[in-house]
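The structure appears below as structure tokens.
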Amino acid sequence: MSAWRGPRSVGYQGSWVCCLQCPPGLSVGLGSMVPSSQVAEKEAPEEPGPGCELQSWRCLVFYLCFYGFMAQMRPGESFITPYLLGPEKNFTPEQVTNEVVPVLPYSYLAVLVPVFLLTDYLRYKPVLLLQGLSFVCVWLLLLLGHSVWHMQLMEVFFSITMAARIAYSSYIFSLVHPARYQRMASYSRTAVLLGVFTSSVLGQLLVTVGQMSFSTLNCITLAFLAFSLVLALFLKRPKRSLFFNRSAPAHGASPRELDQMHPSPDQPVRGKLGRVLGACRDSFLVHMLQELLSSVRRPQLRLWSLWWIFNSAGYYLIVYYVHILWNVVHPTKDSTQVYNGAADAASTLLGAITSFAAGFVSIRWALWSKAVIASVTATQAGLIFLMYSTHNIWLCYAAFVLFRGAYQFLVPIATFHIASSLSKELCALVFGVNTFLATILKTSITLVVSNKRGLHLSVNCQFHIYFVYFLVLSIIYFSGAALDGLRHFQRGCHQPLPLQELRSPSEEKAVQAQSIQQDQGLLQPLEDSTEDSLGTSGPVAKA
């Protein structure tokens, strides 16, 4: 259960980054990105002056990072599966695989959107408190529950904690100065990764060296979670949020939106129904949805969004069930011989390293994106095959560590390509839609493969299906890469790619803006003469 959910996979997943998950996991906040439409906004702020404000900034950073670290201290999470299958709870593998775990994706799909909207509307802190309370309920049910129904209810509470991860990744950027976004993203991500790593290592040491029982380990986890809940009570509640509680209209609001907020005397007064329909049509979210539909035409945005949907769905299915697979590969009643915590710690460390290394990869993404995705996906398929076909638990551990590291390598690359040409609000919406669609896909697969009313397959058979799933994805990506390469060579092996294909979306948008400014500079005398001849006064609005 949470053991399978390794959704301690932090990183970009989880934002509707970050944004509804982020996913895994995942998380660097949206504010750490610098979309091109926000370039001027991000360049304008300067560091606040020294003195009391600097001291306040340091205290705020320390407290937020300390809270992020402590919220990840769940040393018993890596050992939930052997705990449930062991003599203390004595559930059967079929009950855990086909009755308990499937509840997680179902309930996560149900709470994902409501929690996201409440996170923004309630301004983060209440949802962080809800997350802390839900974690406490999870471990109380683990310790006190004895029926399948209790464990299913535990999964419901765990799905709430997963959906609420966006609250932290968004919250930290609502309190700091925009000039400090990048450093805040770095500090918070480091704190979360360090918390996950420390938690996994601590759990493994307590089990292997300290020979602690799983029940005692879960009691210690509950104490850590209660402490993090107390820390959440003292978090500062921000005065603004991303979509709701906006004190000013969004940058670049349309005239219709401005008229709605400040109607002119000449504007006819509409009826109650007309005002309601107009408010819905001119609302900020509707405006963002319209922008989202127009952004879908960008090839790189489509490619990486599809990768996010299909690959993250498969990734989390592996993470949910891998701890059950480990128990099948190496069944043991000796808790000191269970090394799940070490595997989780190693996969977290490798994921952090590969995420960092991805920032230094510089290639022609317009030409090689599909080939890179295909290669990584094919590698993941091979690792899944190794996981369910081997009888050596250490090979199974190693395959999972590499599988998770491969996924985390592509997450920051996908995040950049999705976010680089979008505003912060639209970026949040795109990540949210991607995560929601991935959750629908993941839930549908679970319903067919794992559920009692579906195929009701064992964990080995499920991993065989996941292997075929990733293999088919890699074949599709390789086919797309081959077609792109063929078109490129048809244009001429020595003919370089068009310049716009070599630029990132943000660079392309900046070049377009510069070109428009140059054109306006050439046309300015003509515009001035036209204004004079018409007898107009004041500047002419330019698109």
Side-chain angles (χ1 to χ4, degrees), residues 1-14 21-26 77-78 80-81 93 96-98 100-102 104-105 108 155 158 162 196 200 307-330 340 343-348 350-351 354 373 376-390 393 395-411 435 438-439 441-451 455 457-474:
M1 311 194 335
S2 73
W4 324 306
R5 340 169 151 118
R8 290 167 67 89
S9 58
V10 292
Y12 296 83
Q13 68 90 270
Q21 178 88 357
C22 152
L26 19 124
E77 185 168 347
S78 298
I80 291 181
T81 298
V96 174
T97 304
N98 303 117
V100 177
V101 180
L104 178 61
Y108 181 57
E155 292 287 4
F158 198 90
M162 290 176 60
V196 174
S200 300
W307 174 86
W308 196 285
I309 294 168
F310 286 97
N311 285 58
S312 64
Y315 168 79
Y316 279 103
L317 287 171
I318 296 296
V319 167
Y320 290 167
Y321 287 94
V322 71
H323 285 241
I324 304 176
L325 179 68
W326 291 343
N327 193 79
V328 172
V329 174
H330 182 63
N340 295 4
D344 286 338
S347 63
T348 299
L350 181 62
T354 56
I373 293 175
V376 173
T377 306
T379 301
Q380 289 178 304
L383 292 170
I384 295 172
F385 178 80
L386 178 60
M387 272 189 266
Y388 78 84
S389 61
T390 184
I393 187 61
L395 279 178
C396 196
Y397 282 149
F400 174 72
V401 170
L402 294 175
F403 173 85
R404 195 167 170 185
Y407 175 80
Q408 294 296 337
F409 171 74
L410 287 182
V411 166
T435 303
T439 304
L441 177 60
K442 177 176 58 181
T443 305
S444 302
I445 295 174
T446 302
L447 185 63
V448 174
V449 173
S450 304
N451 197 276
L455 297 178
L457 298 179
S458 65
V459 68
N460 285 85
C461 295
Q462 289 185 41
F463 268 70
H464 182 76
I465 290 179
Y466 303 149
F467 159 70
V468 174
Y469 176 84
F470 275 87
L471 184 63
V472 171
L473 285 180
S474 65

Can you confirm whether [X] sits close enough to [Y] that some side-chain heavy atom of one is under 4.5 Å from a side-chain heavy atom of the other?
| X | Y | value |
| --- | --- | --- |
| Q380 | N311 | yes |
| T348 | R404 | yes |
| S312 | Y407 | yes |
| W326 | F400 | yes |
| Y469 | I445 | yes |
| E77 | V196 | no |

What heavy-atom pair brings [X] and [Y] nearest, and what distance separates the two atoms?
| X | Y | answer |
| --- | --- | --- |
| V411 | W308 | O-CZ3, 4.1 Å |
| S450 | P102 | CB-CG, 4.0 Å |
| S78 | D344 | OG-OD2, 2.6 Å |
| T446 | Y321 | CG2-OH, 4.0 Å |
| E155 | V101 | OE2-CA, 4.0 Å |
| V401 | A343 | CG2-O, 3.7 Å |

Query raised in the report: Where do V322 and F463 land on the side chain to side chain contact (heavy atoms under 4.5 Å, CB included) test, with the steps shown first?
Result: CA-CA 9 Å; V322 71; F463 268 70; 4.2 Å; yes
Give, for atom [atom1] of [X] and atom [atom2] of [Y], the distance between the pair rounded to the nearest 0.5 Å.
| X | Y | atom1 | atom2 | value |
| --- | --- | --- | --- | --- |
| L410 | T377 | CG | OG1 | 7.0 Å |
| C396 | L383 | SG | CG | 10.5 Å |
| Q408 | Y315 | CD | OH | 5.0 Å |
| N327 | N340 | CG | CG | 8.5 Å |
| L455 | L447 | CG | CG | 10.0 Å |
| T97 | I324 | OG1 | CD1 | 4.0 Å |

Between [X] (side chain only) and [Y] (backbone N and O only), is there a donor and an acceptor less than 3.5 Å apart?
| X | Y | answer |
| --- | --- | --- |
| T390 | L386 | no |
| T354 | G351 | yes |
| T443 | P105 | yes |

**Report entry** Those residues that, when tested against F310, pass ring-ring contact (aromatic ring centres under 6.0 Å, His included) (two or more places apart)
**Finding:**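 Listed in chain order: nothing, the list is empty.
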Query - C461 and its side chain to side chain contact (heavy atoms under 4.5 Å, CB included) partner, picked from V459, I465, L457 - result: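 Running side chain to side chain contact (heavy atoms under 4.5 Å, CB included) over V459, I465, L457 with C461 returns exactly one hit, L457.
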Requested in this report: Look at atom NE2 of H330 and say whether more than 12 heavy atoms of other residues, nucleotides or ligands are closer to it than 6.0 Å.
Outcome: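 Enclosed.
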**Report entry** F470-F467 aromatic ring centre distance below 6.0 Å
**Finding:**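 Here the rings of F467 and F470 have centres that are no less than 6.0 Å from each other.
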